[in-house]
Structure formats: structure tokens, C-alpha cells
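Have a look at the structure below before the remarks.
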Amino acid sequence: MCGIVGIVSFSAVNQSIYDALTVLQHRGQDAAGIITCDGDQLCLRKDNGLVRDVFHTRHMLRLRGTMGIGHVRYPTAGCESSAEAQPFYVNSPYGITLAHNGNLINAEELKQNLYREDLRHINTDSDSEVLLNVFAHELQRRGKLEIDHEDVFAAVAGVHRRCRGAYAAVAMITGFGIVAFRDPCGVRPLVYGKRESAQGLEYMVASESVALDTLGFELIDDVRPGEAVFLGMEGGMFKRQCAEHPRYAPCIFEHVYLARPDSIIDNISVYKARLRMGEVLAAKIRRERPDHHIDVVIPIPDTSRTAALQLAYNLGVKYREGFIKNRYIGRTFIMPGQQQRKKSVRQKLNAIELEFKDKNVMLVDDSIVRGTTSQQIIQMARDAGAKNVFFASAAPPVRHPNVYGIDMPSKDELIAHDRTVEEIAAAIGADWLIFQDLKDLVKAVGRGNRQISEFDCSVFTGEYVTGGVTDSYLSHIENMRNDSAKQERRIIDDEVLEMHNNA
């Protein structure tokens, strides 16, 4: 999960990209980067850290130009090196930079082909650099000194033929324009919009519509699966379907957890989707436990608030804010290690005792992944005096790893893997646990856009919409993503840094 943005304007874009990345900060807290184009000159700043920490006044002053792209990242493989912060740059042809959200499942094969056949060297372990070089090579194959948008679309078509997996990307061609494209299944989100200025129309692309809203851009549409949208530096917008067999299968977990509620993704309001999740979950509770004896519904902030509010309303039960959140602690879902996640939960939330004491409390969360956070929050509710603690998940059990750019751990670290609902309840310490049914989740989200006939629900089902996900590949990413592997890499990085400082 990352956030990307691209802007073509008639005035300086540095501040606008900075503001957009700040709005998209929830999509990645590990690293941030901005590159701008000032005529034929590129200006780049990227590093590890939050947007506010990476960019200072001296950096912003150097980011000159009226066109640029930006990125906020969190790593799916646990790498914390600033060398893998985005955007990435390749010199040939034309000088191209790229920012990417997603994950290529055939990155290793592509890397070998790029070296042996395309004579291109990959300098990092990032699949985003692979994607950039594939696009660059496909554009170079056109063999032209001066290109047009037709050449760009042909290059994107070549990317679709070679790359498998999830990718929403923005690529900037120096002195020419920006192209935004999305994989043939549309797994990761990407939208674009326009804004009137005195000189003419300005254009913007971003991972979520909320970034457009804050900068005064009017949402035009989603970049459709397999589609490319080109924004010329001299003005004009062009779009083209570049995939041979596109299908609409976006990631449903964007609506469950990842996206901001005020975003519209694939023409679906995230807020309304979460309201409907609460409705159907309340209906399941009434079916399974008509005498539920719930005194109060309390959300686990922030993502579950919308579903919890509607759930309480439909059950006719009081809704209360029982946890106060420290907003200066990052999202525990994307923190790099188990110990850090455990420590952060207590720092992040504090219970209001009077909302729990002597009550049957229904806690509502968007999902349960590792279960560590759920377990600690349930214990906090008991410590605050709750008589019984029930737990509701607005999503089905997460039983499988994600391969499309979300850092869901190896299956053995997922609390729902090979456990029944009763066993999960016992593991997290809940008196009663209820999960959303998958069919209800799909119905709740899909009601917002009838054109979408399927969603990527692989974390719930183990069925991957792009195909090509083998057992050996799953083993590979599990070995890369589990907490012990991340800790080992972190130790190595620290040792290398210490050696460098002592040299």
C-alpha cells in the first residue's frame, strides 16, 4: 500500500504535491519523495520518514517546475533503505521517473529478462524499479527522437503484456508529460481530475479522490483497468485502453481499511460502503443472536467508526466513543515489527472507563489480521470494567497473505489461518466473536458500482485475480515478509550503517 500523485500545471507544483502527499500519508509512513520537472531539468528529494520530516524549506525551494510526481511508501518486504524510496529515475530514454503502488508477482523473471535481453541493470530490490525499466524499454523500442502520446500508449501496452500483478503507476517523461496507468484488473486505485486556471486546464492523478478534493481539482474518473491517461506538459489530456483483456476486479480491502472514508474509489463512496458493511453485519447479529444483550457499541478508532455507527443504529443500541486515540502514533497495521506493534497499541489508545464499567460491550473493528491489537484492546476493555466483551469484524477472517502490495504477513502469522471462529475468539480473549460474511461484504461494497462484477478478495479466499500466484511464490513472499525476516534485515541494515559511520 502506497500513495502516488502526479500534477501538470501552469504554476509551481511543489507545494501542491506536498499537500497531496500529506493527505495520502495514511497509505504509507515509511518514506516519501517528490520529483519535479523544470524545463529539461529534474529536481528530486526523497528519504525515509513522514512527509513533514522529509521535506524542509530548503528542499521545497529546490523542487522547481510546473510538472511533477510524488510518492509515500510503506514497504511490503520490510526493507527500510532510503535507496528504495520513490520516485525512481532512469536516464534512457528521455529521462523517465516513476512512482508505483502495488506489487509485481513476476518481478524476478522480469529482472532477469531486463538484464539478459534489454541490457538494463536493476539497482534495488524494488519491483517499482523493474516496472520503470520495463516501461522505459518499451518506449525506447519506438526508436524515435521525439515521441507523442501514441508512443506512450504503445509502451503501456507493452508493460501490460510483460508485467503480472497489481500496479497503479504515474510516470513522468522529462519535458513531455505524465502518464498514469493501471493494471488490467484494476487492483490498486487511481483517479484523475482537472482544475481551471487563468492559463487553461490543469490535471492531477492520485491514489484517492480526497487528494484531488483538497487541492480544488474536480474528479473526472477512475483510470480504468488496463487504461492509460496521458497529461501533456503543453496541455491536453488523452486516454486509451491499452490492455488486451481488461477486467474490473479492484481490491475490496481498500474499502475495508486502506482508503480514507471521504474518498471515492471506482465510483464507490468508501464512506457509504462502510455504512453498508455495518448494516449487513447488524443483520447477521440479529440472525445469530436475537437476544444479544449488547449494552453499547464502541468502535476501535479510526477506520471502523462508520461501520460501527450504522451497526449500532440498526441494532437500536447506544453508540459511544470508548477509546481516545493519540494521533501522533502511526497505524499499527503497517508498523514493521511485532514488538513495535504491541508497544504502540497501548501508546495509541486509552479507554474511557465510564463507557465500559459493568456493561456488555460490543467492540467493532474493520478487520482482524494478526490479532495482537484485538487481544490487547479486549484486555483494555476488561481492565476498564467491562462485564462482557463481544467483538465484531466488518470483514471476513483474513486467512491468506496479500500479494498485491499490502503487507499482510505470512499465513502462519495470521490469527485466522487454520483456526475456527471459536478458536480465534479464545485466542483474542473475546466472549463472543462475529465476522462479516464474504458475500455480504461484496454486496455492501458492490452496491456502489454495478459495473464491477468481482473484487479481489484473495486475503479471504486465497484466490488471486491475476492468476500466476504459485505455492513457491507464496513461500518466497512469506519468507520475505515474516517478522523474523524483517528483524534480521533490520539488524543487517543497522550493522551496515554502523560500519559506514565508523569508516
Side-chain angles (χ1 to χ4, degrees), residues 1-9 11-38 41-75 82-90 95-102 126 128-129 131-132 135 167-174 177-182 188-193 195 202-217 223 229 231 233 259-260 263 405:
M1 181 181 73
C2 298
I4 59 176
V5 60
I7 299 176
V8 177
S9 178
S11 58
V13 295
N14 53 352
Q15 187 64 51
S16 294
I17 296 175
Y18 176 96
D19 292 341
L21 293 182
T22 303
V23 172
L24 296 174
Q25 186 76 85
H26 62 285
R27 299 190 67 88
Q29 302 169 4
D30 179 73
I34 295 174
I35 190 164
T36 57
C37 182
D38 183 21
Q41 294 291 316
L42 295 177
C43 313
L44 170 67
R45 167 61 181 171
K46 62 179 182 177
D47 203 352
N48 286 350
L50 300 174
V51 174
R52 67 178 183 228
D53 299 324
V54 170
F55 303 102
H56 298 248
T57 301
R58 65 184 184 275
H59 304 127
M60 297 297 290
L61 291 173
R62 295 172 190 152
L63 292 170
R64 300 178 302 274
T66 59
M67 177 173 71
I69 62 176
H71 186 268
V72 287
R73 167 200 145 200
Y74 93 112
S82 59
E84 297 198 7
Q86 297 184 40
F88 282 111
Y89 169 76
V90 66
I96 303 173
T97 52
L98 179 139
H100 164 226
N101 176 30
S126 174
S128 302
E129 190 186 9
L131 182 64
L132 167 60
F135 174 71
Y167 48 93
V170 286
M172 181 171 68
I173 305 169
T174 305
I178 288 176
V179 59
F181 57 94
R182 200 172 174 196
R188 300 263 70 85
L190 193 60
V191 299
Y192 62 101
R195 181 176 66 184
E202 301 173 332
Y203 293 97
M204 176 178 176
V205 294
S207 292
E208 296 184 31
S209 65
V210 64
L212 277 64
D213 298 340
T214 58
L215 294 176
F217 283 80
V223 177
V229 176
L231 311 173
M233 194 171 183
R260 274 182 42 159
S263 285

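For this chain, numbers begin at 1 and follow the sequence in order.
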Which value, rounded to the nearest 0.5 Å, describes the distance between [X] atom [atom1] and [Y] atom [atom2]?
| X | Y | atom1 | atom2 | value |
| --- | --- | --- | --- | --- |
| Thr174 | Asp38 | OG1 | CG | 11.5 Å |
| Arg260 | Ser207 | CZ | OG | 13.0 Å |
| Cys37 | Met172 | SG | CE | 5.5 Å |
| His100 | Gln86 | NE2 | CD | 7.5 Å |
| His71 | Ser128 | NE2 | OG | 5.5 Å |
| Phe135 | Ile173 | CZ | CD1 | 4.5 Å |

Minimum side-chain heavy-atom gap [X]-[Y] below 4.5 Å:
| X | Y | answer |
| --- | --- | --- |
| Leu98 | Pro87 | no |
| Glu202 | Ser11 | yes |
| Lys46 | Phe88 | yes |
| Ile17 | Ile69 | no |
| Asn14 | Ile34 | no |

Closest non-hydrogen atom pair between [X] and [Y], with its separation:
| X | Y | result |
| --- | --- | --- |
| Leu50 | Gln29 | CD2-CB, 3.7 Å |
| Ala211 | Met204 | O-CE, 3.6 Å |
| Ala32 | Val72 | CB-CG1, 4.1 Å |
| Leu215 | Ala20 | CD1-CB, 4.0 Å |
| Tyr74 | Arg27 | CD2-O, 3.9 Å |
| Leu132 | Thr97 | CD1-C, 4.3 Å |

The criterion is ring pair (Phe, Tyr, Trp, His ring centres under 6.0 Å); which residues satisfy it with Tyr192, sequence neighbours excluded? none
Donor-acceptor contacts under 3.5 Å from residues 59-68 side chains, at least two apart:
| residue | atom | partner | partner atom | Å |
| --- | --- | --- | --- | --- |
| His59 | ND1 | Val54 | O | 3.3 |
| His59 | ND1 | His56 | N | 3.0 |

For side chain to side chain contact (heavy atoms under 4.5 Å, CB included), just list the numbers for Ile4 and Leu190, CA-CA rounded to whole Å, side-chain angles, deciding distance to a tenth of an Å, and then say yes or no. CA-CA 8 Å; Ile4 59 176; Leu190 193 60; 3.6 Å; yes
Option among Leu24, Val191, Val23 that satisfies the side-chain contact (heavy atoms from CB on, under 4.5 Å) test with Glu208: Leu24
